[in-house]
Number of protein chains: 2
Amino acid sequence: MQQTAQHARERVHRASSDPTRERIVAAAIDLFSERSFEGASTRELAARAGVAQPLLNYHFRSKDDLWRAAADQLFAEMTQALDTRSAEVIADGDVAGAKAVIREFICFSARRPQLHRMITQESKADGPRMDYLVDRHVRPIYERTAQLLGTLVKAGAVPAIPVEHLYYIITGAGPTMFVHGPECRRLTALDPTDDAVIQAHADAVCLLLFGPHSAPAAA
Amino acid sequence: MQQTAQHARERVHRASSDPTRERIVAAAIDLFSERSFEGASTRELAARAGVAQPLLNYHFRSKDDLWRAAADQLFAEMTQALDTRSAEVIADGDVAGAKAVIREFICFSARRPQLHRMITQESKADGPRMDYLVDRHVRPIYERTAQLLGTLVKAGAVPAIPVEHLYYIITGAGPTMFVHGPECRRLTALDPTDDAVIQAHADAVCLLLFGPHSAPAAA
DNA sequence: CAAGAGTCTGATCAATTGATAAAACAATCT
DNA sequence: AGATTGTTTTATCAATTGATCAGACTCTTG
């Protein structure tokens with residue numbers, strides 16, 4: 001069982017850099033988020049990564065396994081972008097810090113709309129992939145976010161809205177423009193990858209949430 | 001060319017009620033919005049409609065054609081739900097009326113999350129189906145919505161945010177909870193199909209947009 | 001009843017899908 | 001150089017895909 005041993009390897013030292021494997025995951029992130037799981041064929045995946053199709057099954061047990069690796073990678077990136085800050089913010093109820101976290105969330109969604117694209121694709125109906133997303137990634141994020149939003153409401157920093165609604169308002173209002181990037185480009189004169197547009201969107205969401213109190217661009 | 005003649009028929013008298021055809025379109029709306037275009041096989045489509053698979057190609061030229069019929073149906077429903085009101089509201093700058101239109105938009109998104117699910121699926125990357133959606137349905141809606149939002153900003157009814165951003169904030173904040181219905185059910189204790197929850201969400205979005213001015217539940 | 005148009009199904013098509021097997025290639029160690 | 005281990009490719013598999021065709025069924029009309 002040579003294959004099995006290699007798949008074991010794949011799971012053992014994740015940290016070790018494997019450029020080919022990383023190129024495949026990068027291609028998977030793009031294609032899965034654009035075309036959905038079923039819409040992305042392993043052949044096109046491989047072509048975009050510049051490798052032969054069976055190589056996917058060498059580095060990953062199955063197409064599902066590759067999808068999970070792509071999801072893991074995206075959530076790891078978001079965690080890295082938000083975690084250090086948000087953890088301490090929740091602890092001491094720092095409103096300005098919380099605002100910065102929300103801004104960073106919006107900016108991340110603009111930089112990596114693939115994350116929300118993949119979430120959206122699987123959150124519409126129950127299924128094994130939604131199980132994986134919710135149990136492994138989304139629920140912990142939701143719980144901490146709800147806690148953060150609760151402190152903001154209690155502090156009067158944002159209007160008195162139940163945290164469940166606030167959560168879906170923010171995760172909807174923030175990323176949608178960037179998730180629908182190609183559509184936005186056709187409908188409007190704005191370029192959703194332009195940093196000025198991204199900042200303007202973060203300003204807009206924060207203005208609605210926090211009111212016209214502090215400076216639009218927080219550190 | 002018997003088939004051709006029948007497909008012509010299909011395009012001629014749309015208004016005429018064809019129960020079988022309608023059942024197929026209804027199944028297509030559900031399955032396409034849940035599983036995406038590629039993820040919905042014609043066999044499962046037919047099974048959900050309770051017919052044999054080749055019947056789809058009898059009533060519709062192709063799978064693409066069926067998809068377009070499903071999209072048309074969804075947009076027709078939304079147009080019917082919003083049009084009468086929104087047209088006159090834009091005309092005379094009726095702020096309370098505009099608020100009611102936005103509330104109705106949110107309620108419609110809760111009743112028929114399939115519409116936004118289909119839009120989201122195709123708006124992530126350019127393609128023939130996005131062409132159809134944008135050119136035929138989304139652009140006209142966007143233009144009128146942008147106009148409506150412009151009057152609201154000018155009247156000072158909502159914060160001074162560029163209409164492009166307002167558009168994506170509203171179309172994100174409003175429907176996302178319902179588009180992600182199954183996920184929401186798992187993350188929270190709320191049932192996104194419960195009318196009280198829907199109204200609470202509309203209240204929340206309107207509170208953020210219009211402030212705590214008028215009564216939460218407008219007519 | 002017979003004829004015929006319209007509706008629907010079973011059988012089947014070529015093409016594509018994810019996955020596997022076997023072999024070629026590459027790199028390291030002796 | 002020869003052997004071994006790890007990586008990648010070519011060839012191929014069974015299964016599923018969307019679509020087509022010929023025939024069966026249903027209904028109205030003559």
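Letters go in sequence order (proteins before strands), and every chain restarts at 1. None of these values were measured; they are calculated from a predicted model. Values below: all heavy atoms of this structure, side chains included; hydrogens, waters and symmetry mates excluded.
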Starting at atom [atom1] of [X], determine the distance to atom [atom2] of [N], rounded to an integer number of angstrom.
{"X": "Leu66(B)", "N": "dG18(D)", "atom1": "CG", "atom2": "P", "value": "11 Å"}
{"X": "Leu56(A)", "N": "dT9(D)", "atom1": "CG", "atom2": "C1'", "value": "12 Å"}
{"X": "Lys63(B)", "N": "dT16(C)", "atom1": "NZ", "atom2": "P", "value": "14 Å"}
{"X": "Leu55(B)", "N": "dC8(C)", "atom1": "CG", "atom2": "P", "value": "5 Å"}
{"X": "Gln53(B)", "N": "dC13(C)", "atom1": "CD", "atom2": "C1'", "value": "12 Å"}
{"X": "Tyr58(B)", "N": "dG6(C)", "atom1": "OH", "atom2": "P", "value": "7 Å"}
{"X": "Asp64(B)", "N": "dA19(D)", "atom1": "CG", "atom2": "P", "value": "8 Å"}
{"X": "Asn57(B)", "N": "dG6(C)", "atom1": "CG", "atom2": "C1'", "value": "17 Å"}

Who are the side-chain contact (heavy atoms from CB on, under 4.5 Å) partners of [X], not counting sequence neighbours?
{"X": "Ser41(A)", "result": "Arg43(A), Glu44(A)"}
{"X": "Thr171(A)", "result": "Phe105(A), Tyr167(A), Tyr168(A), Thr176(B)"}
{"X": "Ala125(B)", "result": "Glu34(A)"}

Q. Which of the following nucleotides, dT20(C), dA19(C), dG10(C), is nearest to the side chain of Pro54(B)?
A. dG10(C)

Q: Taking only the side-chain heavy atoms of His59(B) (C-beta and beyond), determine which of dA19(C), dC8(C), dT20(D) contains the nearest atom.
A: dC8(C)

Q. Do Arg68(B)'s NZ or CZ and the ring of Tyr132(B) fall within the cation-pi criteria of under 6.0 Å and 45°?
A. yes

Q. Using the ring of each side chain (for Trp, its six-membered ring), is Phe32(B) parallel, tilted or perpendicular to Phe37(B), with breaks at 30° and 60°?
A. parallel

Q: Just grab all the salt bridge (charged side-chain N to carboxylate O under 4.0 Å, His left out) pairs involving residues 188-198 of chain A, residues at least two apart or on different chains.
A: Arg185(A)-Asp191(A)

(Q) OP1 or OP2 of dT7(D) versus the side-chain N and O atoms of Thr20(A): is any pair under 4.0 Å? (A) no

Q) Tell me the ring pair (Phe, Tyr, Trp, His ring centres under 6.0 Å) pairs involving residues 170-189 of chain B, sequence neighbours left out? A) Phe178(B)-His201(B)

Q.
Which residues in residues 30-52 of chain A have a heavy atom closer than 4.0 Å to any atom of DNA chain C?
A. Ala40(A), Ser41(A), Thr42(A), Arg43(A)

